[in-house]
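Let me begin by presenting the structure, written as structure tokens, before commenting on it.
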Amino acid sequence: MPDRSVINALFPQDLPEAADWPRRYPPRRLPAGAEVTRFAPSPTGVLHIGGLYTAAVSRALAHQTGGVHLLRVEDTDQSREVAGAAGSFIRLLEAFGLSPDEGASVAADAQSRTDAGVRGPYLQSERREIYLSHVRDLLRRDMAYLCFCDKDQLAANAQAQRASRSPLGYYGRWAACRTLSDSEVEDKLAAGTPYVVRFRCPHEFPGRVRIDDRIRGSIVMQDNGNDVVLLKSSQETAPLPTYHLAHVVDDHLMGVTLVVRGEEWLSSTPLHLQLHTALGFPVPHYAHLAPLMKAEGPSRRKLSKRKDPEAAVEYYLSAGYPPRAVRHYLSGLANARLMDLPTAQALAAPVRIHEMRPTGPLVDLPKLNSISREYIAALTANEVHAQLLSWAADHDTDLHTALTADPQLARQAISVAQGTGAQIRKDLTRWSDFRDRFGFLLPSLAPQHPASDDERFDGLAPALVHRIVKDFAANYQHSDNAAAWLDQIRAVAKRHGFAPDTWHWRQNPDHYAGPPRQVAGVIRVCVTGAERSPDLFAVAQALGEQEVRRRLTLRT
Ligand code: GLU
């Protein structure tokens with residue numbers, strides 16, 4: 001081990017001691033059994049639905065035990081950082097009602113990344129000093145060492161390892177710098193040779209290690225034997241630590257008790273356990289979540305950022321799935337028993353970690369659609385109005401303008417969309433459906449007048465369509481009595497040779513111009529712009545007399 005003064009000279013002279021850092025944070029006063037969990041994304045792209053799932057599960061596990069959930073942005077790999085990603089994670093978590101208790105403002109404003117928070121900063125690139133203290137501490141205790149191998153040497157190692165079918169990595173006879181003498185280290189430093197700091201893995205011949213995972217139980221796996229890099233190259237102006245070191249230090253200092261993260265990190269957990277031990281930290285509990293899957297024919301595969309639009313969290317927002325319905329769905333993926341409860345109940349119920357399966361749950365949009373449809377159907381008119389408006393403000397400005405132009409009409413349109421009494425409608429699965437199904441109720445989204453040969457007129461002769469519309473308009477009475485209103489359609493049908501009902505028409509099709517529903521269809525297409533719509537009488541009441549009359553026209 002090089003002389004302490006040699007090690008000290010590699011670090012700022014005023015660098016705090018590792019033991020100083022815990023003293024800077026107030027102890028958490030939490031009830032017994034409270035879990036502190038974190039969501040620790042790297043800002044390297046868009047937020048994946050699997051990330052939202054991890055955030056939702058780990059936040060629930062903290063909150064239901066009276067604990068704390070924090071957001072930490074893991075940006076030590078700055079070459080992979082995507083500008084604005086951290087800010088968008090925060091915005092998305094907030095949109096889904098999953099804001100953390102600590103760390104939320106970390107990068108909300110990318111310009112001022114200075115949030116100290118309770119145990120912050122929560123942005124790893126702002127915690128460099130903290131990591132350096134711990135790297136120096138490991139060096140002083142000979143649990144880490146300087147490695148001067150350059151890219152070429154490492155590539156030669158890898159090539160030789162492949163040729164001899166040895167595991168890849170820096171270990172054993174491949175770890176040349178592990179055994180450098182103090183004077184060799186000092187000479188290299190004096191010559192200005194760039195270096196990284198590597199962990200001195202405690203085992204030269206690692207055996208098996210047991211990991212207790214809250215989801216998978218006790219797992220025995222190959223222990224780490226690799227001297228991984230802890231601090232990146234001294235050639236960089238301000239080298240940052242690697243994720244492995246940074247997150248271990250952070251989880252400890254932030255008081256994390258339960259690490260909930262994706263299964264892809266399970267294979268690094270033996271290394272993380274070694275790092276906790278080397279640093280003298282108690283080991284947190286772990287829960288590795290199985291990845292979200294997608295059915296492809298008879299088989300399953302991981303949901304893919306590249307292939308599946310529904311892998312991106314933004315997809316759910318722009319499609320207009322209500323965030324609470326998405327959260328309900330995610331809880332159901334975690335604990336199947338929550339899937340079929342009403343949303344309010346599902347969101348209030350605890351997520352039970354022991355009910356989570358080690359195999360990945362299938363993301364199945366039809367199931368989400370049905371949760372979402374039921375959720376919207378159970379909302380009050382005011383809630384629908386508020387949520388629809390807020391969705392439209394971000395995702396459909398024409399709809400937003402149409403809804404705000406005449407709030408009274410907007411409310412009427414919503415009440416038609418919801419239906420009443422025994423006729424509760426469940427037409428809305430996502431807010432984007434509103435415009436397609438009910439947008440015609442708002443004057444600024446009114447359909448164009450159809451032409452008399454419009455194909456939606458079911459093959460009726462244009463001249464006949466003309467006569468029907470003209471007659472209906474000329475005699476139109478804006479009655480508020482449903483039966484009287486509908487009788488007007490029957491009367492027009494009769495006057496133009498249509499059967500009084502389907503039965504009569506079937507008995508003698510040659511005798512009639514058609515069944516009466518064809519006449520209703522003509523009026524429907526004029527008034528609503530679609531072949532299917534809610535009850536025409538209700539539509540007419542919502543539109544008002546003037547607007548109904550305006551629509552009873554054909555394009556010439
Ligand atoms: N920053 C890691 C990621 O991007 C998180 C790993 C962890 O949660 O420990 O997935």
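First listed ligand is number 1; within each ligand, the first listed atom is number 1. Every value quoted in this text rests on a predicted model; they were computed, and no experiment measured them.
- His272 and Tyr243 have their aromatic ring centers within a separation under 6.0 angstrom.
- In this structure, Arg198 is positioned above the aromatic face of Tyr170, its NZ or CZ under 6.0 Å from the six-membered ring centre and within 45° of the axis.
- In this structure, His288 has its ring center closer than 6.0 angstrom to the ring center of Tyr286.
- Near ligand 1, heavy-atom contacts under 4.0 Å come from Arg38, Ala40, Ser42, Glu74, Tyr243, His247, Arg261, Trp265.
- A distance of 6.0 Å or more separates the ring centres of Tyr131 and Trp21.
- Side-chain N or O atoms of Thr193 include one that pairs as donor or acceptor with a backbone N or O of Lys188 at under 3.5 Å.
- Residues Ser372 and Pro322 meet the side-chain proximity criterion, which asks for heavy atoms closer than 4.5 Å.
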